[in-house]
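A single structure is presented below for examination.
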Amino acid sequence: MNKEYNFLEIEKKWQDVWEQEKAFAASNQEDGRPTFFGLVEFPYPSGDGLHVGHMRAFSGLEVVARKRRLQGYNVLFPIGWDAFGLPTENFAIKNKVHPRIVTDKNISNFLRQCKSVGFGFDYDRQVDTTKSGYYKWTQWIFVKLFEKGLAYKDTTTVNFCDACAVVLANEDCQGGQCDRCGTAVVQKEKSVWFLKIRDYAERLLQGLDTVDYTERMKREQRNWIGKSEGLQFKFAVVADQAKSTPTMSKSKTKGVKNVAVAGAPSTSTKTATPKKVGNFEVYTTRPDTIFGVSFCVLAPEHPLLASLAGQITNKKELDAYANECKKKSEFERLNALDKTKTGVQVQGIFAVHPLTKKQIPLFVADYVMMSYGTGAVMAVPAHDGRDNEFAKKFGLPILQVVQTADPKDTASKDGTLCNSDFLDGMSVLQAKAKMIEYATKHKWGKAKTDYKMKDWAFNRQRYWGEPIPIVDCPKCGFVAVPTKDLPLMLPHLDDFAPGADGQSPLSRIESFVHCSCPQCGGKAKRETDTMPQWAGSSWYFLRYMSPNFEGGVVDKVAYKKWGQVDWYNGGMEHVTRHLIYSRFWNLFLYDIGVVTHPEPYKKRTAQGLILGEDGEKMSKSRGNVVSPDTIVKQYGADVLRLFVLFIGDYEKAAPWQSGGINGCVRFLHRIWALGQNLDDSVDISHIDVNECIAKVDSDIEQNKFNTAIATLMTLLNQMGQKTTRRLYGDFVKMLYPFAPHIAEELWQVCGYQGRLPQAGFAQADYVLTAQKTIQIPVQIGGKLKGTVSVLFDSTQAQVKQAILQDPSLSAHLQGVQIKKEIFVPNRIFNFIVG
RNA sequence: GCCCGAGUGACGGAAUGGUAGACGCACGGGACUUAAAAUCCCGAGGAGGCAACUCCGUGCCGGUUCGAGUCCGGCCCCGGGCACCA
């Protein structure tokens, strides 16, 4: 071999070979090989193409997949396109091109880029969520959810993005801003389809104990699900006798009994027995503090206010306050610098404490949310920061009921109960349990588990999505489109801009809207909203197993072969979005017998972002985006692949440094040059090859690609100008997962047998021809004084002898009293002196 | 406010409680060259010293240990997640 390293030529050559050979095709046949299913998040094919961040995201499992192939695995490493969604639609509207055309163009560009860096995806298994053969099954899953009562339509207050003109799920607007465009989300009353993900909250939580996700991911998901345990109970509401007339109108509230509350309220000076006019429920996680309740707070939109309008004497004032609150967007409420409590007392009625029977004032305040718990809270100002702030502002009593070691630490949960009747002296934990038991026994409350996670708002008022396969029949109500009629095709449309009135573009197509009811055959109308982008991505990993299967979501034989994803890598931003949704859908498919694993992914890791050279997140508006095309053209695919992994810790963000690329370029050139100097007479006994192989092997398994590459660089440095054929071959094998083009070429031009992936991974069975010598640090009195050169695995006596024979070291020991010797084999020798 | 993660050379980053700074970049010196680029060799945490060597060094303060970047306690700062969640 006497050729220059020409990456353009080599990379083209091997990419063609791989394509012709279908080198990365997974086999659904049973052939005795172990299987590996590696999954990367399928990209959204935007018009901007892939950026180097995608490259890094894919490169991690690409390396693992290539290594598995060397190790003889049958590898499923697929790629696909999450192609429905707003950016394409917006681009289409702006440029007056159909989203289908935009999508196809973007996909072919993404595909070109993936192939140009030599990613070993199984390109024959591509899935595209916008193809009817795919979304047929997305719709089918929705129909099943509907049939099982897990999809329902409800008119309620939902998150809405004015700029995108769509309803958003909670997961779509974390932090109060629209995920897509950053606009502050507002609350709007809408009729919306929901999926009952809350019904799965507990199982989604429990399932986390059975999977290998990083602790951080599990924590974020647990946090998002937001389980809490406490007591839910009723407060009776009585009319204020002083203000209401004896002939006051009867309450229209259901279940209200006009029965006097037993026992006169001790604080009340009124002589007449107060009339019970209603009740409301509260939820608390601190039932132990119930004796410290000095008022209650309702959310501004709490239904009690409407139902007791007759008794409430300041209804107008309350309505005005509620209107004020509505105007504030969620974003404003979260980010307001001025978070001082506001509220209005409800005049004309009082709540009755269930234990002390005292009448306590009732307030309306926007720090209580209608969407969590019962929309009403018992306020314990001594032991809750928000209640405390409110009580101070409105001059309400603050009753301490938990004594803590530090008197200032009122929120502490390690205190002892006081001023609390039969709870006095108990710990917080004991008192909680006692109170729940007491309330249950006396039938005025019950233990309750609540979750912060909300049901999944599922429809979008846009064109470029899966049509929701539901028919609204005046006689039968909502009826699902029968399976035989799926897919419900997304009709072609020339004007796909959203309606000004927040209506879906599909509602303008008469022929689509008007249909006959699948149940009674009568005239009916179709649902015209489409599904969110998360729908298609919630089950795509299943489709890869049998991408063209027409008989269902996944072919049972293929599922049996691949089952769970062995290793899924993606971004942290999807942990409380896509990852939760897809775990939910998979669990549902498990319940209806489509799949047999309750959890879709055995293991999940996340890559860090590649930041721009300025240390900021890469974005077009900042102008700091690096395109892989430029790097591939200038330095080659292998250099790019190496560099995105060498740049830093794979799981942490790292800034792009164009200067650093040179290191990877030189590395490959030096490898190439060394290949021309193979000589089996070279002594390699100074190189611990076994250790290098073991290190590269284990580093790859732990996403520590930067140190795996560093180990290869060190090994190359140690080999110097000449090395043996065997060692060089093993080096090329280890290089293969990272830089496969040059590795395949070197394997061939250096005359090794066979082809690379079949050649196996490097075997760590080198026989050390010379005994290994190591340097052991010597400490005297805890201070490092030097090192001593000894054979590996020397005994304490041997090392000590070597130290005493070393003049500079033994000089340090002259005239000192050695009290103790600490010897850690192959690590350290430490003399403790007196 | 609550919960995480991190803080190491000019820079990206390495270090099962055992020689801090692997590997790389940038840098300095040298070789090759008419010259430059490329390549190769050498150097390099800081301070002092001709030198051998000495002292100081992983955000700050304290502790445990023969020995701490690593473990513990208390801060500071940065990044992330959740957030009037009852």
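Model, not experiment: these values are computed from the prediction. Lettering of chains follows the sequences in order, A, B, ..., and the numbering in each one begins at 1.
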Nucleic acid footprint by protein, nucleotides 12-30 of chain B - heavy-atom cut-off 4.0 Å, B for base, S for sugar-phosphate alone: BSSSB-BB--BBSSS----
Expressed as a whole number of Å, how far does the C1' atom of B/rG57 sit from that of B/rG45?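 Result for the C1' pair: 8 Å, nearest Å.
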Taking atom P in both B/rG21 and B/rA10, what distance in whole Å separates the two?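 Comparing P positions in B/rG21 and B/rA10 gives a spacing of 16 Å.
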Take atom C1' in B/rC27 and the same atom in B/rA15, then report the distance between them in whole Å.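 Rounded to whole Å, the distance is 24 Å.
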For A/Glu651 and B/rC4, what is the distance between atoms CD and P respectively, to the nearest whole Å?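 After rounding, the gap between these two atoms is 19 Å.
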Could you tell me the separation between the CE atom of A/Met572 and the P atom of B/rG79, rounded to a whole number of Å?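 Rounded to the whole Å, the gap is 18 Å.
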Would you say A/Asp649 and A/Asn706 are linked by a side-chain donor-acceptor pair, where the criterion is simply a distance under 3.5 Å?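 Per modelled atom types, A/Asn706 and A/Asp649 side chains form no pair under 3.5 Å.
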Check the distance between B/rG5's P and A/Lys218's NZ and give it to me in whole angstrom.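 Computing the A/Lys218:NZ to B/rG5:P distance gives 15 Å.
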Please state how far atom CZ in A/Arg198 lies from atom P in B/rC85, giving the value in whole angstrom units.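 Nearest whole value for this atom pair: 16 Å.
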B/rG59 to B/rG12 separation - P atoms, rounded to the nearest Å: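 Straight-line distance between the two P atoms is 14 Å.
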Taking only the C1' atom of each, what is the distance from B/rG62 to B/rG9 in whole angstrom?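 Their C1' atoms lie roughly 27 Å apart.
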C1' atom, B/rU19 versus B/rG69: distance in rounded Å?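 It comes out at 14 Å once rounded to the nearest Å.
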Check whether any side-chain heavy atom of A/Ile225 lies under 4.5 Å from a side-chain heavy atom of A/Tyr200, and answer yes or no.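 SC-SC contact between A/Ile225 and A/Tyr200 ruled out.
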Sticking with atom C1', work out how far B/rG28 lies from B/rC76, rounded to a whole angstrom.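 Between the two C1' atoms, the distance is 37 Å.
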Using heavy-atom distances to pick each residue's nearest nucleotide on RNA chain B, tell me which of A/Lys452 and A/Thr576 is more 5'.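 Result of the comparison: A/Thr576.
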Closest non-hydrogen atom pair, A/Lys454 against A/Ser371: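 Reported closest heavy-atom pair: CE-CB, 3.6 Å.
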Would you say A/Tyr372 reaches B/rA86's phosphate, i.e. side-chain N/O to OP1/OP2 under 4.0 Å?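 Answer is yes, contact under 4.0 Å.
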Would you mind reading off the distance between A/Gln221 atom CD and B/rC4 atom P, rounded to a whole angstrom?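 Going from CD in A/Gln221 over to P in B/rC4 covers 18 Å.
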To the nearest Å, how far apart are A/Arg386 CZ and B/rA83 C1'?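 After rounding, the reported distance stands at 10 Å.
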pair A/Lys432-A/Glu229: side-chain heavy atoms closer than 4.5 Å: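 With C-beta onward as the side chain, the pair stays apart.
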Is it the case that the side chain of A/Asp455 and the backbone of A/Arg198 share a donor-acceptor pair, with hydrogens and angles ignored and the cut-off at 3.5 Å?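 Yes, A/Asp455 side chain to A/Arg198 backbone: donor-acceptor pair under 3.5 Å.
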In chain order, what residues pass the side-chain hydrogen bond (donor to acceptor under 3.5 Å, both in side chains) check against A/Thr795, with sequence neighbours excluded?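 Per chain and number, A/Thr795 pairs via side-chain hydrogen bond (donor to acceptor under 3.5 Å, both in side chains) with A/Gln798.
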The criterion is side-chain hydrogen bond (donor to acceptor under 3.5 Å, both in side chains); which residues satisfy it with A/Lys392, sequence neighbours excluded?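 Only A/Asn388 meet the side-chain hydrogen bond (donor to acceptor under 3.5 Å, both in side chains) criterion with A/Lys392.
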Under 3.5 Å, is there a donor-acceptor pair between the A/Glu41 and A/His578 side chains?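 There is no such pair between these side chains.
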Please identify each residue that fulfils side-chain hydrogen bond (donor to acceptor under 3.5 Å, both in side chains) with A/Lys452, with sequence neighbours left out.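 Once residues adjacent in sequence are excluded, A/Lys452 has no partner under the side-chain hydrogen bond (donor to acceptor under 3.5 Å, both in side chains) criterion.
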Report yes if some heavy atom in the side chain of A/Met435 is under 4.5 Å from a heavy atom in the side chain of A/Leu423; otherwise report no.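 The answer is yes; the side chains approach within 4.5 Å.
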May I have the distance from A/Tyr213 (atom OH) to B/rG81 (atom P), rounded to whole angstrom?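 From A/Tyr213 OH to B/rG81 P: 20 Å.
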Taking the chi torsion of B/rG21, is it syn (within 90° of 0) or anti (everything else)?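 Anti conformation here, the glycosidic angle of B/rG21 being more than 90° from 0.
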Whole angstrom value for the distance that separates P of B/rU65 from NZ of A/Lys820: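 One finds 11 Å between P of B/rU65 and NZ of A/Lys820, rounded.
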Under 4.0 Å, heavy atoms only, any strand: does A/Lys783 hit a base, just the sugar-phosphate, or nothing?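 Since only primed, P, OP1 and OP2 atoms lie under 4.0 Å of A/Lys783, the category is sugar-phosphate.
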Taking distance alone, no hydrogens or angles, what donor-acceptor pairs closer than 3.5 Å link side-chain atoms of residues 825-834 of chain A to residues at least two apart or in another chain?
from, atom 1, to, atom 2, distance (Å)
A/Asn826, OD1, A/Asp793, N, 2.8
A/Asn826, ND2, A/Asp793, OD1, 2.9
A/Asn830, ND2, A/Gln779, OE1, 3.1

When you compare B/rG46 with B/rA52, how far apart are their P atoms, in angstrom units rounded to a whole number?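 About 16 Å, rounded to a whole number of Å.
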Defining pairs by Watson-Crick or G-U wobble geometry with both distances under 3.5 Å, how would you list the stems of RNA chain B with at least three pairs each?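 Ordered by first number, the stems with RNA chain B (at least 3 consecutive pairs each) read B:1-5 with B:78-82, B:27-31 with B:39-43, B:45-48 with B:53-56, B:59-63 with B:71-75.
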Taking only the side-chain heavy atoms of A/Arg219 (C-beta and beyond), determine which of B/rC84, B/rG81, B/rC4 contains the nearest atom.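 Within the option list, the nearest is B/rC4.
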